[in-house]
Amino acid sequence: MKIATWNVNSVKARKERLLAWLAKHSPDVFCLQELKTEDARFPLEEVRAAGYEAALHGQKTYNGVAILSRTPMRDLRAGLDDGVDDAQARLIAATVGDLRVLSAYVPNGSEVGSDKWAYKLAWLERLAAYLERHHDPGQRLLLCGDLNIAPDDSDVARPDEWKDSVLCAPPARAAFQKLVRWGLCDVLRQAHPQGGVYSWWDYRMLGFPKNNGLRIDHILATPELAKLARSAQVDRDERKGQSPSDHAPVVAEFAL
DNA sequence: ATGGTTGCTTAGCAA
């Protein structure tokens with residue numbers, strides 16, 4: 001079973017790339033982030049024609065997440081489901097077979113110390129509470145998406161340049177470790193323990209040509225599921241060419 | 001070097 005996650009940075013701007021990627025890689029489950037569009041404007045017919053069902057939690061202009069699946073999904077849940085008044089569409093969950101799948105777009109946080117930074121840390125706390133409330137580490141659970149955290153310096157091409165950023169600051173990394181301690185394994189790290197694998201390169205300052213990358217997109221799995229991982233990688237080629245997203249897809253194969 | 005680029009929406013925000 002092939003699982004993938006990709007921050008597309010606008011599904012409308014990336015429609016042709018998305019359809020081409022589906023045709024080429026045929027993931028069984030594909031988590032998407034930053035759709036930047038309402039559900040009614042998602043290219044549903046084209047995605048269906050490619051052989052996928054879609055669970056959508058869209059939003060105009062910003063955010064928006066989805067899960068695509070070749071087989072039927074059930075028990076869809078959008079949002080953090082905690083009663084907080086929050087208009088930002090950043091989480092959707094669905095069950096595929098006996099697998100619970102979460103597609104998450106964690107807030108970027110802008111600058112350390114800003115209001116957006118506080119929202120990021122609060123959102124991560126709410127995500128941890130969501131896991132406690134709805135799940136346990138004994139289940140087959142996948143948390144996929146743009147978590148906007150580079151867990152370790154080995155996930156950053158230029159650690160000194162990024163150490164004070166919202167992607168690397170200690171409170172963000174501590175929030176990631178809290179998810180790990182709860183019972184989520186970092187499947188991509190497991191496949192590349194030496195690091196040096198990146199999933200995002202800033203459009204600015206020639207980020208990709210200089211390979212000034214960070215690993216902020218993740219496939220996390222509960223322990224029994226992580227043991228079934230057979231491969232995990234970043235499709236770095238998707239970052240190349242005309243009109244790429246600033247993120248590359250992360251792909252993992254499971255013996256399921 | 002508070003720079004630089006992209007997308008959405010149309011001047012300014014978010015990343």
Side-chain angles (χ1 to χ4, degrees), chain A residues 5-21 31-44 46 56-66 79 86-92 103-124 127 144-151 155-169 171-173 175-176 198-218 234-250:
Chain A
T5 182
W6 188 22
N7 178 323
V8 293
N9 186 17
S10 167
V11 74
K12 282 183 278 184
R14 225 63 62 202
K15 185 174 87 170
E16 295 310 320
R17 277 186 176 256
L18 172 63
L19 295 172
W21 205 90
C31 295
L32 304 176
Q33 301 86 36
E34 272 209 273
L35 304 178
K36 294 186 170 181
T37 192
E38 296 158 296
D39 293 354
R41 292 173 173 271
F42 183 89
L44 192 56
E46 293 94 329
L56 303 175
H57 184 35
Q59 181 184 336
K60 186 182 161 100
T61 311
Y62 303 119
N63 311 313
V65 287
D86 188 343
Q88 300 192 29
R90 294 182 175 277
L91 184 70
I92 188 165
S103 177
Y105 176 44
V106 172
N108 170 281
S110 187
E111 296 287 335
V112 171
S114 67
D115 290 350
K116 291 189 179 70
W117 171 245
Y119 174 70
K120 176 181 194 169
L121 297 180
W123 200 94
L124 285 160
L127 177 62
C144 302
D146 177 2
L147 303 190
N148 267 314
I149 302 167
D155 301 312
V156 185
R158 302 180 184 184
D160 286 349
E161 186 175 314
W162 291 92
K163 65 177 164 49
D164 298 324
S165 76
V166 291
L167 306 178
C168 299
R173 287 181 167 172
F176 185 92
Y198 315 123
S199 67
W200 174 81
W201 299 260
D202 203 322
Y203 285 131
R204 298 165 289 186
M205 302 296 284
L206 301 172
F208 188 68
K210 292 178 175 173
N211 197 29
N212 188 3
L214 295 90
R215 190 173 69 96
I216 61 176
D217 299 271
H218 300 283
V234 171
D235 179 18
R236 201 174 181 285
D237 287 343
E238 181 53 46
R239 184 62 175 76
K240 300 174 182 174
Q242 279 249 280
S243 301
S245 170
D246 44 354
H247 297 252
V250 179

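What's counted below: heavy atoms across the whole structure, side chains too, no hydrogens, waters or symmetry copies. Naming: A, B, ... by sequence-line order, numbering from 1 per chain.
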Legend entry - First encountered from the 5' end of DNA chain B, between A/Ser243 and A/Met205: A/Met205

Inset, instruction - Report the distance from atom CG of A/Asn212 to atom P of B/dG3, rounded to the nearest whole Å. - result: 19 Å

Inset, instruction - Rounded off to whole Å, could you give me the CG-to-P distance for the A/Leu35 and B/dG7 pair? - result: 15 Å

Inset, instruction - Determine, step by step, whether A/Val11 and A/Leu18 satisfy the side chain to side chain contact (heavy atoms under 4.5 Å, CB included) criterion, reporting the C-alpha distance in whole Å, the side-chain angles of both residues, the deciding distance to 0.1 Å, and the verdict. - result: CA-CA 8 Å; A/Val11 74; A/Leu18 172 63; 3.9 Å; yes

Inset, instruction - Pick base, sugar-phosphate or nothing for A/Arg41, based on heavy-atom distances below 4.0 Å to the nucleic acid. - result: nothing

Legend entry - Gap in Å between the two P atoms, one belonging to B/dA1 and one to B/dT6, rounded: 25 Å

Inset, instruction - Do nucleotides 9-15 of chain B as a string where each nucleotide becomes B, S or -: B if the base has a protein heavy atom under 4.0 Å, S if just the sugar-phosphate does, - if no protein is that close. - result: S---BSB

Inset, instruction - Report the relative orientation of the aromatic rings in A/His247 and A/Trp200; use parallel for angles under 30°, tilted for 30 to 60°, perpendicular for over 60°. - result: tilted

Legend entry - Residue-phosphate contact under 4.0 Å: A/Arg14 side-chain N/O, B/dG7 OP1/OP2: yes

Legend entry - Backbone N/O of A/Asn108 and side chain of A/Lys120: donor-acceptor pair under 3.5 Å: yes

Legend entry - Pairwise C1' distance for B/dT2 and B/dA15, with rounding to whole Å: 16 Å

Inset, instruction - Before giving the answer on side chain to side chain donor-acceptor pair (under 3.5 Å), spell out for A/Lys36 and A/Asn9 the whole-Å C-alpha distance, their side-chain angles and the decisive distance to 0.1 Å. - result: CA-CA 7 Å; A/Lys36 294 186 170 181; A/Asn9 186 17; 2.8 Å; yes

Inset, instruction - Pick the P atom in B/dT9 and in B/dG4, then give their distance to the nearest Å. - result: 25 Å

Legend entry - Atom pair OG1 (A/Thr5) and CG (A/Leu32), whose distance is rounded to the nearest 0.5 Å: 7.5 Å

Legend entry - For A/His218, the option from A/Phe176, A/Trp6, A/Tyr105 that meets ring pair (Phe, Tyr, Trp, His ring centres under 6.0 Å): A/Phe176

